[in-house]
Amino acid sequence: MRVRFAPSPTGRMHLGSGRTALYNYLLARKTGGQFILRIEDTDQKRYVPTAEQELIDGMHWLGLQWDEGPDVGGPYGPYRQSERKDIYLHYARQLVESGHAYYCFCTPERLEKVRQEQQARKEQPHYDGTCRNIDPDEAARRVARGERHVIRFKTPREGVTVVRDLLRGEITVENRLIDDYVIVKSDGLALYHLAAMVDDHLMKITHVFRGAEWLPTFPLHALIIRAFGWQEPEFIHLSVFLKPSGKGKMSKREAADLMKDGYSIFVTDFKDLGYLPEAVVNWIALMGWSYDDHTEFFTMPDLIEKFSLEGLNPSPAAINFTKLDHFNGLHIRHLALPDFAQRVKPFLISAGYTVEDEKLLRIAPLIQPRLTTLDDVVAMAGFFFKDEIVPDPAALVPKGLTPAEAAQVARRSLEVLESLSDVSPAVAEPPMRALVEELGLSAGQVFGILRVAVTGQTVSPPLFESMEIIGRDTCLKRVRRAIELLEAMA
RNA sequence: GCCCCCAUCGUCUAGCGGCCCAGGACGUGGCCCUCUCAAGGCCAAAACGAGGAUUCGAAUUCCUCUGGGGGCACCA
């Protein structure tokens, strides 16, 4: 099985592209076939120089490696369409010679005028066929003379074309509704309709996964392949991703709003947002594909083993970011501790902390079950790396106590802690619980004061585990400071 | 406007004629656990778009409608 991911470098890498690439990759790996990356850059006007690199970065981040492509080469290159211009021209001329295509000399201005007239008459805009019946020899002479021209595919005027999509079965379209599409522009470069069909044939592609936006032109593509007499690959059209509301595709404006909530639709954004590639892969794999009625957690090896065409679903899916959060938490907890520590480290460093691996490794088990995204580590565990913490005095006073009472609790706690050799859970928790008992308060009240005193936060990893890492001396110093703050309030 | 595709809980989905007064997951609500927050465990509410037809029997097949999506470029 030979499959390909063929993006056009015209913008950022969308989640939908990521999924298409993923499915291609999975199928190739599952069957021991080849996964090809082909860059479809036939439109210079829309070309974005940074796009190809972003695509490559995004695929690498997701963990998708290709066997043939513009950077790694391969036996069917070049893998960038802009470098294949002559190949397409050769095949386009072959179509002209066989009567399946023709030269068209209509100017863009005339075509625009025709289009407007058709729209005014409420007709479907289409090429009016002016050049369709020019004598081939005459047309060839005009081309030889250097007259500006394009090449159009000569769609049959009658009959129907039946195509087959693996997910949807047979699709029948009347030929008269298929336009005489331009397949080679006046600059001599082929359009997608020709280029992709030629490449898929030459690159021996067996299965084409592509977006459902190609469904309307699918019959044209089949007609082109058939005009050459080539064997057709299997086609699988993946439905588009809808915005979370389920109403329509994501707009630029909405994509920007999403970023404010810590989400994105661009795969290269997820890394900095604190998402694991494992989670993003798991998430997008399940938008349009399922394995059975209960399994949802998949690693890449699982997916390679379990993925199959039968599990694909043809209906459009709304993007659900809370589900991504869920998968991210799952995959975070699935990570081995040292791996987890290394993944979280860059977020602490970019928050300005100096991070020693040994210390981070001790903190890791405390925070691993508590993170939804990796960047949460800063809010949850940043205090471990601060020399000074500044507790909010108001937060020091637990519910149900006055500042003076809280100060008294803090003083008694300090006495207990000072009497101990260390502040580890095994040593410190039993006597502290005894103190809670003695004072007739709740553990939440007493430990709450200590938590804020020692961590500066009302939410933190478990108290005694945290204190052990912070160290006895620092903890005692911080409790004394908290007592001062409380006394100042009383 | 025309063409194409799609249609099960709010969302992602299982279901491929009887196993379904429809299963799982996210989210939501409740309970348990609990030093905060999570994690974990348990429970609950929540769907076959409508109408016809075929059939002993339909979420599953077929029509029509409705709704949603996509496309109608010398873009991909």
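Here is the naming used below: chain letters follow the sequence lines, and residue numbers restart at 1 for every chain. Remember, it's a predicted structure, so these values are computed and weren't measured experimentally.
For CD of A:Glu158, the number of neighbouring non-hydrogen atoms (other residues, nucleotides, ligands) closer than 6.0 Å is 12 at most. Within 6.0 Å of atom CD in A:Glu117, more than 12 heavy atoms from other residues, nucleotides or ligands are found, so the atom counts as buried in its surroundings.
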Distances under 3.5 Å between nitrogen or oxygen atoms of protein and nucleotides 63-69 of chain B:
residue : atom : partner  : partner atom : Å
B:G69   : OP1  : A:Gly248 : N            : 3.4

Protein N or O to nucleotides 3-5 of chain B N or O, pairs below 3.5 Å:
residue : atom : partner  : partner atom : Å
B:C5    : O2'  : A:Arg168 : NH1          : 2.6

Pick out the pairs of N or O atoms, protein on one side and nucleotides 27-31 of chain B on the other, that lie under 3.5 Å.
none

Check: protein-nucleotides 40-44 of chain B nitrogen or oxygen pairs below 3.5 Å:
residue : atom : partner  : partner atom : Å
B:G40   : OP1  : A:Arg333 : NH1          : 3.2

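Salt bridge status for A:Arg433 with A:Glu429: present, with a side-chain N to carboxylate O gap under 4.0 Å. Contact check on A:Glu52 versus A:Arg80 returns a salt bridge, with a Lys/Arg side-chain nitrogen under 4.0 Å from an Asp/Glu carboxylate oxygen. Remark: A:Arg12 engages A:Glu54 in a salt bridge, criterion side-chain N to carboxylate O under 4.0 Å. Between A:Glu296 and A:Lys323, at least one side-chain nitrogen of the basic residue sits less than 4.0 Å from a carboxylate oxygen of the acidic one, meeting the salt-bridge criterion.
Partner of A:Glu232 under the side-chain hydrogen bond (donor to acceptor under 3.5 Å, both in side chains) criterion, chosen from A:Arg164, A:Arg226, A:His221: A:Arg226.
Spacing of P atoms, B:C43 relative to B:C56, comes out at 41 Å, to the nearest Å. Between B:U60 and B:A50, the two P atoms lie 11 Å apart (nearest whole Å). Comparing B:C9 with B:G71, their C1' atoms are spaced 31 Å from each other, to the whole Å. One P atom belongs to B:U66, the other to B:G29, and the distance between them is 39 Å to the nearest Å. Spacing of C1' atoms, B:U13 relative to B:G18, comes out at 23 Å, to the nearest Å. Taking atom C1' on both B:A45 and B:G10, the two are 12 Å apart, rounded to the nearest angstrom. When the C1' atom is compared between B:C75 and B:G70, the two are found 16 Å apart, to the nearest whole Å. Rounded to whole Å, the separation between the C1' atoms of B:A25 and B:C33 comes to 23 Å.
Among the protein residues, A:Leu191 comes within range of the sugar-phosphate backbone only, with heavy atoms under 4.0 Å from sugar or phosphate atoms but none that close to a base. Counting any heavy atom pair closer than 4.0 Å across all strands shown, A:Trp214 reaches a base atom. Within 4.0 Å (heavy atoms only), A:Ser315 reaches sugar-phosphate atoms of the nucleic acid but no base atom. A:Gly211 comes within 4.0 angstrom of nothing in the nucleic acid, heavy atoms only. In this structure, A:Thr42 reaches the sugar-phosphate backbone alone: every heavy-atom distance under 4.0 Å involves primed, P, OP1 or OP2 atoms, never a base. Nucleic acid contact for A:Asp179: none, since no nucleic acid atom lies under 4.0 Å from a heavy atom of the residue.
Seen from the ring of A:Tyr79, A:Arg38 does not count as a face-on cation partner, given the 6.0 Å and 45° thresholds.
Side chain of A:Gln457 to main chain of A:Val459: a donor-acceptor pair is present (N/O by atom type, distance under 3.5 Å, no hydrogens or angles). Using a distance-only test at 3.5 Å, with no hydrogens or angles considered, no donor-acceptor pair links the side chain of A:Asn175 to the main chain of A:Arg157.
Here the C1' atom of nucleotide B:U13 and the CZ atom of A:Phe327 are 11 Å apart, to the nearest Å. In this structure, A:Gln457 atom CD and B:A38 atom C1' are separated by 14 Å, rounded to whole Å. When rounded to the nearest whole Å, the span between CZ of A:Phe5 and C1' of B:A76 equals 12 Å. The distance from atom CZ of A:Phe321 to atom C1' of B:C26 is 14 Å, rounded to the nearest whole Å. Taking atom NE2 of A:His193 as the reference point, atom P of B:C72 lies 8 Å away to the nearest angstrom. A:Met380 has its CE atom 17 Å from the P atom of B:C35, to the nearest Å. Atom-to-atom, CG of A:Asn282 to P of B:G24 comes out at 19 Å; the value is rounded to the nearest Å. Rounded to an integer number of Å, the gap from A:Tyr291 OH to B:A14 P is 14 Å.
Remark: aromatic rings of A:Trp214 and A:Tyr192 are close, center separation under 6.0 Å.
Residues passing the salt bridge (Lys or Arg N to Asp or Glu O under 4.0 Å) test with A:Asp128, sequence neighbours excluded: A:Arg110. Take A:Thr299 and apply the side-chain contact (heavy atoms from CB on, under 4.5 Å) test, not counting sequence neighbours, and it matches A:Phe297, A:Pro301, A:Asp302, A:His334. In this view, A:Glu147 and A:Arg142 satisfy the side-chain hydrogen bond (donor to acceptor under 3.5 Å, both in side chains) rule, not counting sequence neighbours. For A:Glu170, there are no salt bridge (Lys or Arg N to Asp or Glu O under 4.0 Å) partners, not counting sequence neighbours.
Both A:Asn320 and A:Phe447 lie near RNA chain B, and the one whose nearest nucleotide falls closer to the 5' end is A:Asn320.
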Next on the checklist: Could you go through A:Asn320 and A:Thr322, starting from their C-alpha distance and side-chain angles, then the distance that decides it, and tell me whether this counts as side-chain hydrogen bond (donor to acceptor under 3.5 Å, both in side chains)?
Outcome noted: CA-CA 6 Å; A:Asn320 181 190; A:Thr322 57; 2.9 Å; yes
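Considering only the side chain of A:Asp293, B:G23 comes nearest among B:G23, B:C75, B:C37. Side chain of A:Arg451, nearest nucleotide from B:A76, B:C12, B:U36: B:U36.
Relative orientation of the A:Tyr291 and A:Phe298 rings is perpendicular, given thresholds of 30° and 60° on the angle between their planes.
Taking every heavy atom of residues 424-443 of chain A and every atom of RNA chain B, pairs under 4.0 Å involve A:Arg433, A:Ala443, by number. The stretch residues 461-470 of chain A touches RNA chain B through A:Pro461, A:Pro462, A:Leu463, A:Glu465, each having a heavy atom under 4.0 angstrom from the strand.
Under 3.5 Å, the side chains of A:Asp199 and A:Gln81 contain a donor-acceptor pair of N or O atoms. For the 3.5 Å distance criterion, the side chains of A:His14 and A:Arg19 fail to qualify, holding no donor opposite an acceptor.
Phosphate proximity of B:U8 to A:Asn313: absent, as no side-chain N or O sits under 4.0 Å from OP1 or OP2. Here A:Lys323 does not reach the OP1 or OP2 of B:A25: none of its side-chain N or O atoms lies under 4.0 Å away.
Judged as a ring-ring contact (aromatic ring centres under 6.0 Å, His included), not a single pair has a partner in residues 108-128 of chain A (not counting sequence neighbours). The ring-ring contact (aromatic ring centres under 6.0 Å, His included) pairs that include a residue from residues 365-384 of chain A number zero, where partners must be two or more places apart or lie in different chains.
The base of B:G24 lies close enough to the side chain of A:Glu296 for a donor and an acceptor atom to sit less than 3.5 Å apart.
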